[in-house]
Amino acid sequence: MSLKTEVMLHTASLRRYALVLTRDPTAADDLVQETLLKAIDKADTWQPGTNLRPWLFRIMHNTHVSEWRRAKTRSDAAPDLPEPVVPDHQHTQLELKQVLQALDQLPEAQRKPIILIALREMSYAEAARTLDVPLGTFMSRLGRGREALRQIVSGLGKGKLAVLNRKGRI
Amino acid sequence: MTQDTTSEPDLGLDDDLMAYVDGSLSAEKMTEIEARLARDPEARAAIASWRHHDNLIRQMAQTADDLPVNMRISALERELVARLRARKRRAFLMGPALGRIAASVVLFAAGWGAHGLFGSAMQMTRADYPQFVSASVTGHQAIRQASLQQAEFHADDLDAALDWMSAQMQRKIDSPKLERLGYDVESARLLETETGPLAIFHFRNSDGERVTVSITPHAPDQADYKLRVVRMDKDSMAYWTDAGLDYLVIGDVDAGRITTLAAAVRE
């Protein structure tokens, strides 16, 4: 695979990851642009022969963390989440919204492993390298995060889905 | 003293369950986990939820593929590719790869020294073939005899290698396209021969068949070589001139196969 093809594939992956992180297409593209700018600036830190994907994702991860800490935009935007674009089905939309809200309640250290693995574009080892943590730590955060997400969604679901069920809307 | 034997295990800390959800278990382990799930409703419910949440997150992520093309991102991609190519080139010139190139020249010299041996085995004489053919055949035989460890550029370094080769040969050198015939490039070398630079690409298919392709500038005082296919002892080869470059394809295959490979290189 040529370097050009590789970079294009990874940029598409970065865009997907950024969309889940930011929940907003414009903010996602801004994050991707910022990541690419930093990657250009740090090109000399990339070791030829090593996988580009974790290197790029690590830059995006650090960019997102620093921007989030500075502006705290994600938490401010949370109550006004845009409706997810994909699923037309109302039930699925609600489920997705609940999962995203539940993700927001998780610590950053658990949220990112869940998202990275959900994208199915990285192995555990690559994702751990992306987040600069040992594999054991990564697995523990992924597992605890998934289980915490399940518990939170389960609590949310009992409320909102029950209301919709009562209204006969799903 | 009593012990709480009813406390549930922390499912989230079970790496096997995680790997099951993510499809990274061996078939044997997968069967074992499925048997366990059949009798453990709590684990079954957890797995269904984790998988469902993953699917929802991934579906949302994939909507990014439908976003309009962002011209600024495209421009930054191009700039990044250029910077990374430059990085590879620099790393190659500054790093151990340069040592590998030097080694290749030594190897070539050794190969050339052994040319008489190989040449006699193949019943070749310098009078039969152009000089670049003899040199290439020697390189091919040398790499076969010396095995894989002599590779100068790995496949990952190929972009940088091609850039560097092109600069050395003062013309654009592209990697021969043999992938669709099932051959993957394993390594590439640039040799300094008596007649000038000689780029050599080594390929291998899943059956272990080796094919070598060499490219060198055509000597201006020589007429172009028309395509010629030659069957030798174990190997077949094809050589020709095209657009100021001499090409050779050689491999331990029959004449028909070497003709197909040559056609792929000529495309």
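Numbered from 1 within each chain, the chains take letters A, B, ... in sequence-line order. Note: hydrogens, waters and symmetry copies are ignored here, and every other heavy atom, side chains too, is used.
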Nearest heavy atoms of [X] and [Y], plus distance in Å:
X     : Y      : result
A/V99 : B/L56  : CG2-CD1, 3.8 Å
B/M60 : A/L19  : O-CD2, 3.6 Å
B/L76 : A/I40  : O-CD1, 3.6 Å
A/Q47 : B/R87  : NE2-NH2, 3.4 Å
B/E42 : A/R150 : OE2-NH2, 2.9 Å

Heavy-atom side-chain proximity of [X] to [Y] below 4.5 angstrom:
X      : Y     : answer
B/L80  : A/T11 : no
A/L142 : B/M18 : yes
A/Q33  : B/N70 : yes
B/R85  : A/K4  : yes
A/L52  : B/L84 : yes

What part of A/L116 is in contact with chain B, defined as an atom under 4.5 angstrom from a non-hydrogen atom: side chain, backbone, both or neither?
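No part of it gets close to chain B.
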Side chain from CB out, backbone as N, CA, C, O: work out which of these in A/A28 comes under 4.5 Å of a heavy atom of chain B, or both, or neither.
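For A/A28, neither part sits under 4.5 Å from chain B.
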Chain A: which of [options] shares the most heavy-atom pairs with it under 4.5 Å?
options                    : answer
B/D66, B/D65, B/D22, B/D14 : B/D22
B/E179, B/R78, B/H52       : B/H52
B/A64, B/A82, B/S175       : B/A64

A/K42 atom NZ, neighbour heavy-atom count above 12 within 6.0 Å
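Atom NZ in A/K42 is not crowded, with 12 or fewer foreign heavy atoms closer than 6.0 Å.
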For A/M8, does the CE atom sit with more than 12 other heavy atoms under 6.0 Å from it, leaving out its own atoms?
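Open: at most 12 neighbouring heavy atoms sit under 6.0 Å from CE of A/M8.
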Can you tell me how far the [atom1] atom of [X] sits from the [atom2] atom of [Y], to the nearest 0.5 Å?
X      : Y      : atom1 : atom2 : result
B/S49  : A/E147 : OG    : CD    : 8.5 Å
B/I57  : A/R120 : CD1   : CZ    : 11.5 Å
A/D30  : B/R72  : CG    : CZ    : 10.5 Å
A/L149 : B/W50  : CG    : CH2   : 11.0 Å

Ion pair A/R146/B/D54, N-O distance below 4.0 Å
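Between B/D54 and A/R146 there is a salt bridge, with a charged N closer than 4.0 Å to a carboxylate O.
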Answer yes when A/R15 and B/E77 have at least one side-chain N-carboxylate O distance shorter than 4.0 Å, and no when they do not.
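Between B/E77 and A/R15 there is no salt bridge, as every charged N stays at least 4.0 Å from the carboxylate O atoms.
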Please flag which part of [X] lies under 4.5 Å from any non-hydrogen atom of chain A: side chain, backbone, both or neither.
X     : result
B/A45 : both
B/N55 : side chain
B/S24 : side chain

Winner by heavy-atom pair count (cut-off under 4.5 Å) against chain B, out of A/E121, A/R144, A/H10
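Most heavy-atom pairs within the cutoff with chain B belong to A/R144.
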Please answer whether the main-chain N or O of A/A118 pairs with a side-chain N or O of B/R58 as donor and acceptor at a distance below 3.5 Å.
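Judged by distance alone, yes, a pair lies under 3.5 Å.
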